[in-house]
Structures are given as C-alpha cells and as structure tokens.
Enquirer: 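For reference, the structure I am asking about is given below.
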Amino acid sequence: MKTYRDQTGVEKGRANGRYYVHALDTRTLEEKPNFPIDLEGLIANNNPIRMFQAGIHHQRPALMQSGSYIYAGFASHCVQYNFTGWIIGWHGTNGQIVEKYATEGGPEDKKGGGVWMSGGGIAQDSAGRMFFATGNGYASQLSNIPVPGRQPPTSMEEAAVHMAINPDGSLSIVDFFMPWEKQALDGADKDLGTSGIALLDQTVFKTPTVARIGCIAGKSGKLYFLNLDDLGGYQMGPNKKDAVLQTTELLNSVFATAGSYPHEGGYVYVNVVQHETVVFKFSVGPNNEPIFTQVAQSLEKTAFILGVGHGTTTSLNGQVGSGLYWVTDIQGLNLRIYKAVPENGVLVLLKGMNIPGQIKFSRPSFGDGRAYLTTSDGYLVAVGSPVNPPLLCQSPVEFSNATIGDLGVTKELTCTANIALSVTGIGPRMAQYFSVSSLPTFPLTLAVGQTLRFKATFQPTTPGPLSDDIYVNTTNSIANYAGITPIAVRGIGKALVPVLSISPNTVSFPGVITGENSEGYVRSVELYNQGSTPMTITGYDISIVSESGPFLPPGTTQAGPFKFTGLPTTIPAESSVTVSINFNPTANGNYGAYVQVNSDGGNKFLTVVGASGGYPKAKLEFEKVDGTGWVTYNPGTSFSFGTVFEQVTRTLKMRLGNDAPSDSGVLGITVSKPPIGSGNVVAARNSIDLGEGTQILPGESQTAQLFCSVPKSQVNVDPYAPNTTWTMNTNDPLFEKQDIHFICDAVSEQRGPLKSPTHAKYRYIGCFKENNPGRQLADQLYGSDTNENGMCITACAGAPGNFIFAGTQYHRECWCGNVIPTLRVGDEECNFDCSGDGKQICGGNGYFGGGSYISLFADEDRHNGQVPIPPTTTEPGTPDPTTTPSVPVDNPGNDIFGFAGCYTEATTGRALSVLKAADDMDINKCLTFCGAYDYAGVEYGYFASLPRAF
C-alpha cells in the first residue's frame, strides 16, 4: 500500500512517499504478526547505488506468490525522476525481505526498465520459474553486438526476463530477450513491457521441438511468441534480428496481456488498442515448428483511450464448446463475453454489459459460477445468473458426429420440474443445425417432480464443431426462479468428401515502413480440409491485378512484394496446413495479391493487401490566442495562452499532424501524458484526445483542447504564470520525447489608481489582524453599502493624508493609514464579501469566527513589502523621492550564520524562544543580535527570534 509519512516539520513532497507491505487475516482483517513492512531505503542486491524510494516509484503489477515467498514489481510515475524497475520479495510469514532486484544494475546511473506491464501479473510456470517484462530505459548497454540470452546485461530494459526462484526466495537471472531494434524503441518510448508475458498451457501449446511457449506484445505493435526455455537474447537471429519463434505485426499498440484457450486446438487472443481483438490458432508446421495463425477478430473495437483489460478465458471443466473469452474495457460495453472458439472468422459476442466506473487494465475474477469486477467508484460487481432454473434438464447434450446430407442424429431430452410451472414453448436459439420435435401441447402444466420429454435433432449443413441452445420457456409464480431454462446442444458435422476453407481469407500488412526491416514482415493463413477424406490441391492461380487475372505462370510463389511459402498439394482429412506470406516492399506503394486455391474440395479465394511508405513526420502546433492561425512547436519554448483574467477560462487547441507525403506511414502516439485533474489552472480537457495509441494518416491531423481557467482572487494581486506539461512521443524517429510546456499570464481584477490596464498602484499585501491591540489603521473614511476595494483605495489615495495603506473590513468600512498593521494572517481569515461587490473580499471574522480582520492594500511606490516609508510632500519642481524596490532579495548570511530555509512556526509556543523587535529590523541586525545563539530567524517584518535549538 502506498501512503505518506507524517510531514509535520519536514519538507513536503514526494520524498515523503512510503510503501508498506501489509498481511491481513482474511477472517478478521487484522494485521498478521511481523507486518507491515516498510520498503523505504532498501538497497538493491545487484546495484549498491540504487535505493528504493517510494515517492518516485509506482506499483502496478499483480503480486506473485511462489511457496512461502511473495514478489512485487515496481516502475515509475510516467517515466519521471531517476527511477529503476524493481522486483522486491518477502517471506509471507516472518516478513523478511528476501530479494531487492533493480532492473538498472549499473554501473551507469541511468533510469528505466520499469516493471509495470499495464497491471498484468508477474508470471511463474509449473517449474517455479519467474517471467516478467520491462519498459524502455536509458542505459542502452547493448548496441549492435548480438548477445546470447544466457549472458544478460546488467541493465534489463525493453526485455522479457526469466529468473530462477532460489530456495531462500532470492532470484537469479537466467535468460532474456530484447527486440533487435531496442535502441529505436527506447527513443520512441515503445515499451516492450506494456503487457505481461502470457505463459501458454504446455500440455497443448507445444511441438516435438519446443516444449514451453509464451507470448508478449508491446507499444510497437509486434506480437512475439517466445520459447520459454530459450528466450532469444539480443539480435541473435539471422541478420542480427530476433531469435524468437514468431513475430506478428498488429495494427496498433498493446497494453494488455494476451489471453489463451487451451482446448479445441488452442487459441490466443490479443486486445489491440483502438482496434478489434484478434485471435490466433495454434498449429504445428512441417518442420515441427509452432505456428500461430490469425483466424478471426471481433466485430467490436477496444476503447479509443488506454484501458482495455487483460485477456481471460473460462470453460466448463474443459468441455468442448463451453469456452468463453472475457474482455473488460473503459469505453463502450465495459464487459464483453465471447465464444472462445471463433465462427467463420468472427469472435462471436455472446453478452455485452455496461458497468459504469470500470477500472482500466483490469480483468474479472471468477468463483462458484460468478465473475467479479471492481469499479473506480467503489463497487464490487458480480455477474452471473441471479436466479434458479425452474427445470432440471440434462445439459450439455452431445450429439457426436452427423454426416452432412443425412437424416441427422436425434435424441430425446428430459427435464424435471423443480417447482410448479407452466411450459409455454420450446425451440432452438439459432435454428441452423438443431431442431425440436415431439413437443407437448402448450401450455403444459407441471407439478414439482413431473417430467417433460421432447426430441432434438442435429442435422449439420457445414463441417466442424457446431452448437446451439434450446430454450424451454416457462411461467411460474415463485420468487427467484427464471422463466427460461437453456439446454446446450453440441455436435460435429462430418463431410464424406473434401471441403476446402481458408482462414483468414484476407491478410493485411498496413503501415509498413519501406526498408525498415530487411527480412520483411510475415503473416500466415490456414488451408483447411474439413472433409473426412484427403483433399488434392490442383493448382494456385495468383494475380497482382484482380481476382479475375491476369494470372502469373503456374508454380509462381512470388507476387510483387509478396512471397508465399508452404503451399501444399494435398491436405489430409480433417487437417490443416499453414501457409506463410512474407511482405517485403522495396518502394512505397499499395500492393495486392489475389490467390485462387483450386481443389477437389472446392475453390476458394485468398486476398492479400499491403501498404508501405516512408516514416511519418510529426508536426505539433498550438492555436494562436486570437484564433488567426497556429504556432509551430519549438522544443523548449512554451505554448502561451496570453493574458487571462480571473474568473475567465480560455480554451485553445493543440494540433498534431502527420506532415509526411501521402505514401508514408501512419503517425502513432507512443507516449501521451496529458495534464488533467481537478484544481489545475492550466490543463487538458480530457485524457482521450491525442492519447496513447492515436493514429494519424499522412496529410491528416487531430486536436486536443487545453484551457487556462484563472480562479477568483483578491483584487490587485500580482500577476502569476500557472503552467503545466504534456509529455508526448511518437513513432516519428526525429520527434523524440517532448515535455510540451503550456503557460498563461493570470491577472486579477485591478481596482483604484492604475499604472497600466493590468497593474494597479495599490497592491494587495494580505489579511491582517485587527484590534491587535487597538485600531491598526487610524482613519476611517466611510461606511457605505456601495463599498468595494477599488472605491476604498481611491478614497485613501486621494485623501489629504495621501495614505500608504488602504483597508476594508466588516463588508462596508474603509480605513486608511501610514503604519502597517502588526500581524499578517492567512487569507482564509478574511472571509466577508464587500457590500458593494459580492465577488470581492472586505475583511472578515476569521475562519472559525469570532475574530476581526482587515483586507490590506499598499502603495507599492512607498511600501517595500516589509517597512512602510513615511509619506513625502514634494514641492513643485523638486525630484520625486527615491523609493526602495519592492523585490525580495536573498541574504546569504554572514561569517556565523548561513541561510537554512523557510520553516513553519511552531503550533504550540514559539519555535525560537527569545524575541527582539525593532521597526528598522533587517537580516543583518537580526544576525548581529543573535550572534551568541545557534539559530536566528526573522518574521512579521520586524521580529528577530533565537534559541539554542529549533
């Protein structure tokens, strides 16, 4: 748990952050012995210059337990401060710290390598091995020299990491993988570790040559399938590329750990930012290599802003056809439940629900047939059937195999009434492959324990696993019982002849940068024989023009920039073959290849498209204050809102465009940390516009709104410059990470004699205590229901006394004087509105009431902020009197005293016990007076205090 220590008497800020590890008894919620553990000040085992500081670190990943030990991962607050990634481990019973591993292992004192994984968990397999991923960093130990995975560098940045968990709970790094373009990913803030490493079920996702497989995808949009026993190191592949099992280019970044379904052949699911969820099917290649082919995608897109959750699957004890894929999201349908096995290239949505306040990067938890989610507004949401079934029916019902074109398979279904009810209808949900017969006359009344019987027939029209639900509709008068009882029915359609199908039937390579990857980009398709007899491929007609030709010569496997590998001539019964497609363009352009697969199981078309271009070019601009155009961003120069007066909000746009030629790549935002939050004077309207994952085509642009909203203040206060920063990076290699600064000149209302339209002569100097003792300003000019500060200031300035000070109090009174009141207090003590202007403050009775306070203004030409200067009457023709500048000056001290800072006065008694007051007090006089003491301090303009200690 992150919290902050007691900050009484200490400097405020992030240095006070603390992380405590708590262990609670789940029965009583009481703290267990030896806890909590304070993590502050831990020194890394592998780097003595790295100390854990809670204020600059952030704990996102789920905890991991391995036996008696528990581990947590830490990263940064949006790549700020000199952080490092951490893995900290402790004993779950005695609280002993067993591991303090820093991903920045030195000797460079560089930040980076955060372990955050968008909240995904640190993973371990059945052998007790730990796996996690890290973000970008700045040590950059590896450049152009390949490094084996078993010889890891000390700096684990942009890495998938395998660590051994030792018997004493300590960790030892075993293996690693870093993408070959690691340095470029660092420069563009394209973290590999925006998702966790998904460890796939080793009983299903395996081949004779690879026993254990995992996968990870990050900001670059690349999906890596890794050999968990040999992660791949750095640039250990052919031509110094990646030595991984497979790399697949996705349409955008990924901030969610992949989901997997270890049944019905094995599937992997990836939630891509702003795009559809994509589904990959596992297969084994001709050389016993694992292959993951994209076979489907959802119809729904994930949220436009970051927040889609980690992939999760469930099943009914592994039964065929019972698999579900669960997705949480922060926009649209917040909970989406899909069939785990796609149908006809589509991930089929079964149920979608709106759950307000859904937390980003989350996933459901499951128990006793329920799914549980938490929300940002403090709710625990349970999803499941909230009622009881009125009928007890056999479910699921397996129909086994049925041949296409035959009479099908018929079974009798039986249901027993749990309560007294009336059956009003029976029928299949989709009525494509299943039908019902031998139905009773409706309505049918059943008493408790009576039986309903009818028949269902499975008659497939397409090969493969098929399923449906038969609904038995009922009415009853018993509370908490449903009206519908579903019966799951499943069967497998069989074809006696070969049947060809292709999945997917369209393959796309969008947004490829020409020449960026000399090896090209690879995707794959599956050619299926769904029939129960072998299939013969009679030929492939390939065209780069259209589906109707002209066709390239027979036997051609290269079609423009596309190369096809593994085209089969036969496919065994009820089997599939994987075909690889490599896209390696040498020039910018849009490309297509059209393949007709001819077989004795029918003919099918495969369409392949690709687009390549140059690098995108980011152009960042800010709207001019007068709305006449745009100011181009110059690094280090702030975008300005101009002058904004109090209680005025000015909204301007920031525009990011892709200024590259039309045949260039898509501009993607890889890092975006907009300034948002309540109470900010300068901030972004939302965190959606120009958020991470935003994509901009060449020649197009997108905008975000920012505002400067100056709050109400007392009149005649000095202008100030509220500002903020938006951190951004893109995939434009020349853009680099930018801290974009925004500033506005905030000006309060100016009243009384003016030196300029934005600067009054009499400045507000604070709220002062009245009757301290006696009247603090000697002359009352008036009491009026039209009183406001400007009226009083004008009156004091024009009075015969030519007063230095003007003060308002009790709503309607105006007082003047030439001697400053003795005690300034907090502005919250002045809380009365002015009788003539309810938006202004005219004195008050104190925050807690019962006091008397005056709002005070001073002629800045005759008051230097500490000591009032007596009024001077100037004879005509003589020079103006010299005034003391009102700019504060730091005093470095003398030979005895040095400046130690500004400290809060004691809450009880005085912080310094000896007092010396003088109207002409200054720093040097105070230090001289306090020469025999250890400390000296000045306050209230003319007090000097001294003690032996603070």
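Not measured: the values here are computed from a predicted model. Only heavy atoms go into these numbers, but all of them, side chains included; no hydrogens, no water, no symmetry mates.
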Enquirer: Taking Asp175 for the side chain and Leu231 for the main chain, is one N or O donor matched with an acceptor at less than 3.5 Å?
Expert: yes

Enquirer: Nearest 0.5 Å please: distance from the CG atom of Leu63 over to the CD1 atom of Ile88.
Expert: 11.5 Å

Enquirer: Do Trp86 and Tyr101 have side-chain heavy atoms sitting under 4.5 Å apart?
Expert: no

Enquirer: Would you say the ring centers of Phe74 and His58 fall short of 6.0 Å from each other?
Expert: no

Enquirer: If you measure from CG on Leu42 to NZ on Lys100, what distance do you get to the nearest 0.5 Å?
Expert: 6.0 Å

Enquirer: Does any part of the side chain of Tyr261, heavy atoms only, come nearer than 4.5 Å to the side chain of Val268, both counted from C-beta?
Expert: no

Enquirer: Kindly state whether the ring of Tyr19 and the ring of His57 have centres lying under 6.0 angstrom apart.
Expert: no

Enquirer: Is Cys215 close to Leu223 at the side-chain level, that is, under 4.5 Å between some pair of heavy atoms?
Expert: yes

Enquirer: Any idea which heavy atoms bring Val98 and Gly169 closest together, and the distance?
Expert: CG2-O, 3.6 Å

Enquirer: Any donor-acceptor pair under 3.5 Å linking the side-chain atoms of Glu692 with those of Thr694?
Expert: no

Enquirer: Counting N and O atoms only, with roles assigned by atom type, does the side chain of Asn166 sit under 3.5 Å from a partner on the main chain of Asp168, one being a donor and the other an acceptor?
Expert: no

Enquirer: Taking the basic N atoms (NZ, or NE/NH1/NH2) and the acidic carboxylate oxygens, is any pair closer than 4.0 Å for Arg129 and Asp229?
Expert: yes

Enquirer: Measure up the Phe292 and Phe282 rings against each other and bin them: parallel (under 30°), tilted (30 to 60°), perpendicular (over 60°).
Expert: tilted

Enquirer: Given side chains that start at C-beta, do those of Leu335 and Leu373 come closer than 4.5 Å, heavy atoms only?
Expert: yes

Enquirer: Can you measure from CD (Glu736) to CE (Met728) and round to the nearest 0.5 angstrom?
Expert: 15.0 Å

Enquirer: Taking atom types as modelled, find out whether Asn45 and Glu99 have a side-chain donor-acceptor pair closer than 3.5 angstrom.
Expert: yes

Enquirer: Between the main-chain N or O of Val272 and the side-chain N or O of Thr302, is there a donor-acceptor pair closer than 3.5 Å?
Expert: yes

Enquirer: Counting only heavy atoms not in Lys737, do more than 12 sit closer than 6.0 Å to its NZ atom?
Expert: yes

Enquirer: Quick one: list whatever passes side chain to side chain donor-acceptor pair (under 3.5 Å) with Ser672, sequence neighbours left out.
Expert: Trp726

Enquirer: Would a distance-only check, ignoring hydrogens and angles, find a side-chain to backbone donor-acceptor pair under 3.5 Å from Glu158 to Lys182?
Expert: no

Enquirer: Just verifying a value: how many Å separate Ser155 OG and Glu104 CD, rounded to the nearest 0.5 Å?
Expert: 3.5 Å

Enquirer: May I ask you to say whether Asp368 pairs ionically with Arg370, meaning some side-chain N is under 4.0 Å from a carboxylate O?
Expert: no

Enquirer: Have Thr314 and Trp326 got a donor and an acceptor in their side chains that come within less than 3.5 Å?
Expert: yes

Enquirer: Sort out for me which residue in Lys111, Arg50, Lys110 forms a side-chain hydrogen bond (donor to acceptor under 3.5 Å, both in side chains) with Asn82.
Expert: Arg50

Enquirer: Could you walk me through whether Leu226 and Ile213 pass the side-chain contact (heavy atoms from CB on, under 4.5 Å) test, one step at a time?
Expert: CA-CA 6 Å; Leu226 307 175; Ile213 301 173; over 6 Å; no

Enquirer: Is the shortest distance from a Lys or Arg side-chain nitrogen in Asp125 or Arg212 to a carboxylate oxygen in the other one below 4.0 Å?
Expert: no

Enquirer: Can you check whether Ala159's main-chain N or O pairs, donor with acceptor, with Thr134's side chain at less than 3.5 Å?
Expert: yes

Enquirer: Go through the steps to decide whether Arg150 and Val174 satisfy the test side-chain contact (heavy atoms from CB on, under 4.5 Å), and finish with yes or no.
Expert: CA-CA 6 Å; Arg150 302 292 171 161; Val174 175; 2.8 Å; yes

Enquirer: Using the benzene-type ring in the case of Trp, are the ring centres of Phe280 and Tyr267 under 6.0 Å apart?
Expert: no

Enquirer: Taking the side chain from Asn46 and the backbone from Ala102, do they hold a donor-acceptor pair closer than 3.5 Å?
Expert: yes

Enquirer: With no hydrogens and no angle check, is any side-chain donor or acceptor of Tyr224 less than 3.5 Å from a backbone partner on Asp242?
Expert: no

Enquirer: Between His22 and Phe35, does the ring centroid distance fall short of 6.0 Å?
Expert: no

Enquirer: Answer yes or no: is there a donor N or O on one side and an acceptor on the other, between the side chain of Gln331 and the main chain of Leu306, under 3.5 Å?
Expert: no

Enquirer: So Met163 and Ser172, do their side chains get closer than 4.5 Å, heavy atoms only?
Expert: no

Enquirer: Taking it one step at a time, do Phe366 and Tyr372 satisfy ring-ring contact (aromatic ring centres under 6.0 Å, His included)?
Expert: CA-CA 6 Å; Phe366 302 91; Tyr372 299 91; 8.6 Å; no

Enquirer: Go through the structure and list residues passing ring pair (Phe, Tyr, Trp, His ring centres under 6.0 Å) with Tyr234, not counting sequence neighbours.
Expert: none

Enquirer: Verify side-chain contact (heavy atoms from CB on, under 4.5 Å) between Leu39 and Tyr20, making sure each step is shown before the conclusion.
Expert: CA-CA 6 Å; Leu39 301 183; Tyr20 291 96; over 6 Å; no

Enquirer: Do the side-chain N and O atoms of Asp739 and Thr727 include a donor-acceptor pair separated by under 3.5 angstrom?
Expert: yes

Enquirer: Which atoms form the tightest heavy-atom contact between Ile87 and Gly73, and what is the distance?
Expert: CD1-CA, 4.0 Å

Enquirer: Under a plain distance cut-off of 3.5 Å, with no hydrogens placed, do Asn334 and Thr328 share a side-chain donor-acceptor pair?
Expert: no

Enquirer: Please confirm whether Arg18 makes a cation-pi placement over Tyr4, using NZ or CZ under 6.0 Å from the six-membered ring centre and within 45° of the ring normal.
Expert: no

Enquirer: Indicate the atoms forming the closest heavy-atom contact of Glu108 with Ala139, along with that distance.
Expert: OE1-CB, 4.2 Å

Enquirer: In Å and rounded to the nearest 0.5 Å, what is the CD to OG1 distance from Gln358 to Thr374?
Expert: 7.0 Å

Enquirer: Kindly give the heavy-atom pair with the smallest separation between Ala133 and Gly193, and that separation in Å.
Expert: CB-CA, 3.8 Å

Enquirer: Does this structure show an ion pair linking Glu181 with Lys240, if we count only N-O contacts that are shorter than 4.0 Å?
Expert: no

Enquirer: Apply ring pair (Phe, Tyr, Trp, His ring centres under 6.0 Å) to Tyr325 and list each qualifying residue two or more places apart in sequence or on a separate chain.
Expert: Tyr269

Enquirer: How about Ile145: does its CD1 atom have over 12 heavy atoms from other parts shown lying under 6.0 Å from it?
Expert: no

Enquirer: Would Met353 and Val383 satisfy side-chain contact (heavy atoms from CB on, under 4.5 Å), going step by step from the backbone distance to the final call?
Expert: CA-CA 10 Å; Met353 302 178 67; Val383 177; 3.7 Å; yes

Enquirer: Find out whether Pro179 and Leu185 are in side-chain contact, i.e. whether some heavy atom of one side chain is under 4.5 Å from a heavy atom of the other.
Expert: yes

Enquirer: Is a side-chain donor or acceptor of Gln124 paired with a backbone partner of Gln65 at a separation under 3.5 angstrom?
Expert: yes

Enquirer: Checking Asn136 against Asp189: is there a side-chain donor and acceptor pair closer than 3.5 Å?
Expert: yes

Enquirer: Return the CD1 to OG distance between Ile676 and Ser687, rounded to the nearest 0.5 Å.
Expert: 4.0 Å

Enquirer: Just checking, is any N or O donor in the side chain of Gln53 or Glu40 under 3.5 Å from an acceptor N or O on the other one?
Expert: no

Enquirer: Side chains of Phe177 and Val244: closer than 4.5 Å at any heavy-atom pair?
Expert: yes

Enquirer: Main chain of Gly120, side chain of Ser118: is a donor-acceptor contact present, judged purely on distance under 3.5 Å?
Expert: no

